[in-house]
There are 2 protein chains.
Amino acid sequence: MDKPRKTQKKETVPNGRPTILDLARHAGVSIATVSRALNTPDVVSDDMRRKVEASVAELGYVTSSVGKALRKQRTRVIGTLLPQLDNPLFSVFAAGVHSALSEAGYVGFIQPVGWDNRQLSKHARTMIANGAEGIIVFGRIDDPDLFRLQKAQKFPLISAYSYHEGSDVPCVGIDNYSATKLLVNLLLQLGHKRIAMLSANMIANDRQQSRIDAYRDVMAEHGLPVFLEDIDLSSPEADPSPRLEKLLKGENRVSAILCNRDVLAYRTLSVCMKLGIRVPEDVSLTGFDELEYASLLYPPLTTVAVPAAEIGRNAARQVISYLEEGRPLSSYRYDTHVILRQSVGAPPAT
Amino acid sequence: MDKPRKTQKKETVPNGRPTILDLARHAGVSIATVSRALNTPDVVSDDMRRKVEASVAELGYVTSSVGKALRKQRTRVIGTLLPQLDNPLFSVFAAGVHSALSEAGYVGFIQPVGWDNRQLSKHARTMIANGAEGIIVFGRIDDPDLFRLQKAQKFPLISAYSYHEGSDVPCVGIDNYSATKLLVNLLLQLGHKRIAMLSANMIANDRQQSRIDAYRDVMAEHGLPVFLEDIDLSSPEADPSPRLEKLLKGENRVSAILCNRDVLAYRTLSVCMKLGIRVPEDVSLTGFDELEYASLLYPPLTTVAVPAAEIGRNAARQVISYLEEGRPLSSYRYDTHVILRQSVGAPPAT
DNA sequence: TTGAAAGCGCTAACAG
DNA sequence: CTGTTAGCGCTTTCAA
């Protein structure tokens with residue numbers, strides 16, 4: 001029926017989402033006016049603005065960010081790489097990141113990448129390709145490829161959770177080494193001599209490694225023996241009970257166990273329960289992270305409080321500041337403190 | 001030194017990321033060849049391909065998805081709306097979604113939106129604007145605006161976790177009503193007569209509401225009294241202990257408490273501990289969701305197993321199938337089962 | 001205050 | 001097999 005008016009191409013909206021051109025036609029104005037009505041309404045006459053607004057409502061128009069991003073060379077998208085999503089520590093961290101993003105009108109990609117931070121670049125590349133303007137990585141970045149990528153693409157890159165003195169890349173987080181020292185010293189002060197450490201996924205994990213180093217160093221300082229066990233949490237069929245039992249009941253049994261993550265402590269606690277070993281009368285137990293449930297266990301768990309959400313927020317805000325105001329990223333060290341609860345006591349009288 | 005060869009505009013890469021044009025210049029080929037070398041390498045001569053690959057490596061080139069997306073009208077981005085991120089139930093769900101996305105080469109936005117599913121459209125709009133091609137919503141969608149948006153934009157929209165017979169929008173998930181009936185009946189069979197239900201964030205939450213309905217209906221069937229408490233988990237300062245104490249110790253004390261979420265059960269358990277009330281001797285306790293820690297508590301928690309990760313995977317896969325092959329979305333109902341553990345026993349002999 | 005038109009990075013005809 | 005070019009949806013000069 002109606003013939004094309006200008007020299008314009010498309011006729012109608014057959015099936016796709018309405019574009020700015022559809023909107024302009026519907027409102028009987030130019031696309032430039034539509035754009036202005038949407039982005040700088042004050043610069044457009046009331047009449048025009050109303051027409052556009054009415055058409056937006058009627059057509060259910062939503063600006064396509066991809067067109068906009070291409071033009072403005074900005075996406076307001078930031079990507080986060082973390083070990084896994086279904087783990088309270090990381091999801092609390094991610095929640096912190098997202099709260100900062102939302103406040104600033106950004107949206108976030110999340111990508112679980114497993115425990116090995118030596119293979120990050122592939123995932124980072126995908127995010128960059130998909131428009132991410134900055135990348136937040138949980139933990140230390142151990143992938144030189146990612147640094148190369150960063151250099152070529154010049155995007156803000158920040159490492160969060162672990163603080164490392166003199167890190168190449170800006171990092172905000174805690175010092176796992178000294179936090180662990182605090183914990184070990186606490187046990188020593190209580191009179192413990194035979195102290196074990198339970199770790200998980202140690203390979204290529206700077207957090208676990210720093211904690212192990214601290215434990216080893218303090219024990220060495222005092223000339224005390226080291227009992228280090230690596231528990232594989234990723235395979236549920238590998239039951240850690242026998243190894244724990246050896247630690248808890250054998251000839252060489254220990255009076256305290258440092259669990260390098262709260263979840264490890266949860267498992268250990270349930271094994272103790274099963275074996276009839278009392279906590280803290282027979283053995284003292286500590287965690288690391290202060291997850292929500294640490295205080296709800298029986299007995300409540302002594303652990304290290306880590307402000308994971310705050311760290312995530314800080315990282316995200318820094319990346320945003322860099323993107324918006326060009327403010328350079330900087331490292332920041334968060335303090336930790338030990339939360340002393342009933343899972344820790346004096347060693348049993350022999 | 002060197003003058004522009006063709007009629008091309010940009011000279012070098014002053015500060016931004018390298019584009020396909022930079023790459024083409026560097027490799028001494030046309031942008032079309034670069035594109036082909038990257039996307040359909042087999043259709044390009046070995047010589048050209050190698051040149052391009054070398055330049056990619058040297059320049060650290062990463063395809064800009066925004067250009068590509070604009071051209072192909074595809075982004076391979078899917079958005080997920082869920083109540084919060086820092087809660088095991090939702091993060092397990094999100095992990096399921098993301099595992100399916102990764103497998104298919106998609107990336108995911110995640111947006112925490114709080115408990116009220118009547119205000120979803122704003123968040124969905126942001127995601128659509130940012131290129132999301134489909135939206136997954138945790139729980140029932142109670143926002144007519146979102147349906148309007150969906151109609152205008154024609155994107156795949158799916159509700160996950162709650163299954164509702166005859167839902168307008170496709171939904172994959174569990175039937176909260178019948179799952180709860182199972183749980184209540186279990187307690188009745190054990191001889192419990194005074195059974196309370198603890199709920200949280202009931203307003204505009206279809207899951208809690210369905211569970212409450214089931215509880216009410218079964219109790220009514222048996223002519224038994226209803227004790228319903230709404231606990232506000234979002235404000236930590238509002239201590240629920242006094243109300244729980246009344247439920248647990250008063251004249252009208254109950255012999256069993258149904259907690260509508262595992263986290264509620266955790267809290268209740270710790271209150272019991274504090275009050276010296278034994279579980280299950282004095283009171284039986286149940287949860288709902290089967291979070292990772294339910295089995296680690298003391299006593300281990302009786303709860304309802306919900307395949308949250310699998311539900312997330314299903315929802316994501318459906319959206320992808322729709323996008324890739326046009327396969328229409330369909331609803332799917334997952335079975336649940338009660339996991340009977342030591343937190344439940346017979347009522348105390350009066 | 002409004003419109004016309006260029007161009008962001010990329011892919012897919014179409015020519016050669 | 002390779003290059004030229006149009007155009008995806010949008011913003012932003014530049015003119016009117």
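Lettering follows sequence order; numbering is per chain, from 1.
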Which residue lies more 5' along DNA chain D, comparing Ser30(B) with Ala69(B) via nearest heavy atoms: Ser30(B)
Nearest-angstrom distance from the residue atom NZ of Lys68(A) to C1' of dC10(C): 21 Å
Of the listed nucleotides dG3(D), dG9(D), dT11(C), the one nearest the side chain of Leu70(A): dG9(D)
Closest heavy-atom pair and its distance - Val44(B), Ala37(B): CG2-N, 3.8 Å
Whole-Å gap separating P (dA13(C)) and CD1 (Ile31(B)): 15 Å
Spacing of Arg25(A) atom CZ relative to dG9(D) atom P, expressed in whole Å: 11 Å
Atom of His164(A), atom of Cys171(A) and distance for their closest heavy-atom approach: N-SG, 3.5 Å
Rounded distance in Å - CD1 (Ile20(A)) to C1' (dG9(D)): 7 Å
Glu324(B)/Arg74(B) ion pair, N-O < 4.0 Å: yes
5'-most by nearest nucleotide on DNA chain D - Ser65(A) or Ser45(B): Ser45(B)
Interatomic distance, Asp42(B) CG vs dC1(D) P [rounded to whole Å]: 9 Å
Gap between atoms CZ and P, on Arg36(B) and dC10(C) respectively (whole Å): 15 Å
Nearest-nucleotide pick for Ala32(B), side chain only, options being dT11(D), dA12(C), dT13(D): dA12(C)
Phosphate OP1/OP2 of dC10(D): any Tyr61(A) side-chain N/O under 4.0 Å: yes
Separation of atom CG in Leu23(A) from atom C1' in dT11(D), rounded to whole Å: 15 Å
Nucleotide nearest Thr19(A) (side chain, heavy atoms from C-beta), chosen from dT4(D), dC10(D), dG3(C): dC10(D)
salt_bridge(Glu103(A), Arg313(A)) N-O dist < 4.0 Å: no
Sugar-phosphate only, base, or nothing, as touched by Thr33(B) at under 4.0 Å among non-hydrogen atoms: sugar-phosphate
Plane angle bin for Phe109(B) and Phe109(A) - parallel if under 30°, tilted between 30 and 60°, otherwise perpendicular: parallel
Atom pair distance, as rounded to whole Å: CZ in Arg71(B) and P in dG7(C): 19 Å
side-chain N/O Gln73(A) vs dG9(C) OP1/OP2, d < 4.0 Å: yes
Polar side-chain contact Arg17(A)-dG9(D) base: donor and acceptor under 3.5 Å: no
OP1 or OP2 of dT11(D) under 4.0 Å from side-chain N/O of Ser35(A): yes
